[in-house]
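Okay, structure first, notes after.
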Amino acid sequence: IPAELLPAPSPDPEVPAARVKAIETKIATIAAKKLKDNAPWYDLLETITGKLESELIRLLIIGPPGTGKSKTSIVLTNTPYRVTMTEGMGVEDLIGMYQLIKGETVWVDGPVIRAMKEGKRILIDEIDHHPTEVGSLLYAFLDDAPELMLPTGERVIAAKGYGVLATTNSNVTSLPEAVLDRFEGILPAITPHPDALKQFEDASMRSAVENHFSHLPADPWNWSGKPTLRRMRAFQRLMPVVGDINAARLAFGTAGTEILSALTTSARTGTKEGV
């Protein structure tokens, strides 16, 4: 296993040895799993978040309602914070607000700020439903170096391990390009995780659910990405984690095969072909 994937030794005696061992075991298990080309979204999600456990990760999961995008994300990635976007929410629902506690007015951090400070991941459901006043905050939350200035004057810089997972039932065109470009990978979740079907003891019920999703058209959730600076950087980072084909699909969508082919040809011939 590459050394960079293993947690750095900590001189802090308060760090439980069992926790370090658990992380090492998880990484070793994931590293041993060989991902197939065009692996299902849940395998890609688990592999990326597992191998890059302490790094900034920004993934968007898109697909029809009922595939378990949110629940699967929380279970597979151990994401402790969650917020659902609505047209009526305000900035304070994300970053926090002043509250009266025991007769004193104090600032209370919101879920995104807590995730940033603690170096944890946050799941943003229905991200396409964000109101205009929240839109500008998304740029900060999803930036390459996330940081934000609170009304208290405190400057919050995301701690190591912070990351954002987001879900939407809509096509990616429902999001501004500047927001979309900040996600390193986009996973079309067209089918539910197999474990979700185990809740049905009756095989015919499981079959009915599988049949429903297998007949849904994938077109509404297909997308094509351009080789922007951020996307090319994401592709480069994902290649050693999930393989060339999967990385191209995550970073560029339906254009991934064409872009990967052009890059491969360019590398083989030593030319600088446009992609």
How close do [X] and [Y] get, heavy atom to heavy atom, and via which atoms?
{"X": "Ala189", "Y": "Pro64", "result": "O-CD, 3.5 Å"}
{"X": "Gln236", "Y": "Pro240", "result": "O-CD, 3.4 Å"}
{"X": "Arg82", "Y": "Ser70", "result": "NH2-CB, 3.4 Å"}
{"X": "Arg231", "Y": "Ala251", "result": "CD-O, 3.0 Å"}
{"X": "Asp144", "Y": "Arg230", "result": "OD2-NE, 3.7 Å"}
{"X": "Leu197", "Y": "Pro192", "result": "CD2-CG, 4.4 Å"}

Is the [atom1] atom of [X] crowded by more than 12 outside heavy atoms at less than 6.0 Å?
{"X": "Met149", "atom1": "CE", "answer": "yes"}
{"X": "Leu137", "atom1": "CG", "answer": "yes"}
{"X": "Glu133", "atom1": "CD", "answer": "yes"}
{"X": "Gln99", "atom1": "CD", "answer": "yes"}

Should [X] and [Y] count as side-chain neighbours, where that means a heavy-atom distance under 4.5 Å?
{"X": "Glu104", "Y": "Ile101", "value": "no"}
{"X": "Thr86", "Y": "Glu126", "value": "no"}
{"X": "Ser224", "Y": "Phe252", "value": "no"}
{"X": "Leu56", "Y": "Lys160", "value": "no"}
{"X": "Arg249", "Y": "Leu260", "value": "no"}
{"X": "Leu165", "Y": "Arg58", "value": "no"}
{"X": "Thr67", "Y": "Thr191", "value": "no"}
{"X": "Phe235", "Y": "Pro227", "value": "no"}

Could you go through the side-chain contact (heavy atoms from CB on, under 4.5 Å) check for Leu60 and Leu187 one step at a time?
CA-CA 6 Å; Leu60 175 62; Leu187 291 77; over 6 Å; no

Value rounded to 0.5 Å, distance of [atom1] in [X] from [atom2] in [Y]:
{"X": "Leu250", "Y": "Met239", "atom1": "CG", "atom2": "CE", "value": "12.5 Å"}
{"X": "Asn211", "Y": "Leu216", "atom1": "CG", "atom2": "CG", "value": "10.0 Å"}
{"X": "Glu201", "Y": "Lys198", "atom1": "CD", "atom2": "NZ", "value": "13.5 Å"}
{"X": "Thr152", "Y": "Ile95", "atom1": "OG1", "atom2": "CD1", "value": "9.0 Å"}
{"X": "Leu180", "Y": "Leu138", "atom1": "CG", "atom2": "CG", "value": "12.0 Å"}
{"X": "Thr168", "Y": "Met85", "atom1": "OG1", "atom2": "CE", "value": "11.5 Å"}

Start with the C-alpha gap between Asn222 and Thr254, add the side-chain angles, then the distance that decides, and say whether side chain to side chain donor-acceptor pair (under 3.5 Å) holds.
CA-CA 7 Å; Asn222 279 336; Thr254 56; over 6 Å; no

Looking just at side-chain N and O atoms, do Glu118 and Tyr81 make a donor-acceptor pair shorter than 3.5 Å?
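Side chains of Glu118 and Tyr81: pair found under 3.5 Å.
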
Can a side-chain donor-acceptor contact be found between Asn169 and Lys69 if the only test is distance below 3.5 angstrom?
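Yes, a side-chain donor-acceptor pair sits under 3.5 Å.
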
Between [X] and [Y], is there a side-chain N and carboxylate O pair less than 4.0 Å apart?
{"X": "Lys71", "Y": "Asp195", "result": "no"}
{"X": "Arg237", "Y": "Glu55", "result": "yes"}
{"X": "Arg114", "Y": "Asp109", "result": "no"}
{"X": "Asp43", "Y": "Lys36", "result": "no"}
{"X": "Glu46", "Y": "Lys51", "result": "no"}

Examine [X] and [Y] and state if one hydrophobic cluster contains both, with Ile, Leu, Val, Met, Phe, Trp and Tyr joined whenever side-chain heavy atoms are less than 4.5 Å apart.
{"X": "Ile190", "Y": "Val172", "answer": "yes"}
{"X": "Phe183", "Y": "Ile122", "answer": "yes"}
{"X": "Leu142", "Y": "Ile62", "answer": "yes"}
{"X": "Leu150", "Y": "Tyr139", "answer": "yes"}
{"X": "Val134", "Y": "Phe141", "answer": "yes"}

Side chain [X], main chain [Y], donor-acceptor under 3.5 Å:
{"X": "Glu258", "Y": "Ala255", "value": "no"}
{"X": "Thr265", "Y": "Ser261", "value": "yes"}
{"X": "His215", "Y": "His212", "value": "no"}
{"X": "Arg121", "Y": "Thr79", "value": "no"}

Would you please test Ile127 and Thr167 for side-chain contact (heavy atoms from CB on, under 4.5 Å) and show each step?
CA-CA 6 Å; Ile127 190 171; Thr167 69; over 6 Å; no

Do the rings of Trp107 and Tyr98 sit parallel, tilted or perpendicular, given the 30° and 60° boundaries?
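Plane angle over 60°, so perpendicular.
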
Leu44, Ile48, Thr47, Leu238 screened by side-chain contact (heavy atoms from CB on, under 4.5 Å) with Asn246, the one that passes:
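Among Leu44, Ile48, Thr47, Leu238, the one meeting side-chain contact (heavy atoms from CB on, under 4.5 Å) with Asn246 is Leu44.
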
Report the C-alpha distance between Met232 and Thr228 in whole Å, list the side-chain angles of each, state the deciding distance to 0.1 Å, and finish with yes or no for side-chain contact (heavy atoms from CB on, under 4.5 Å).
CA-CA 6 Å; Met232 193 61 74; Thr228 63; over 6 Å; no

Candidate pair Trp223 and Thr173, rule side-chain contact (heavy atoms from CB on, under 4.5 Å), full reasoning
CA-CA 8 Å; Trp223 70 285; Thr173 56; over 6 Å; no

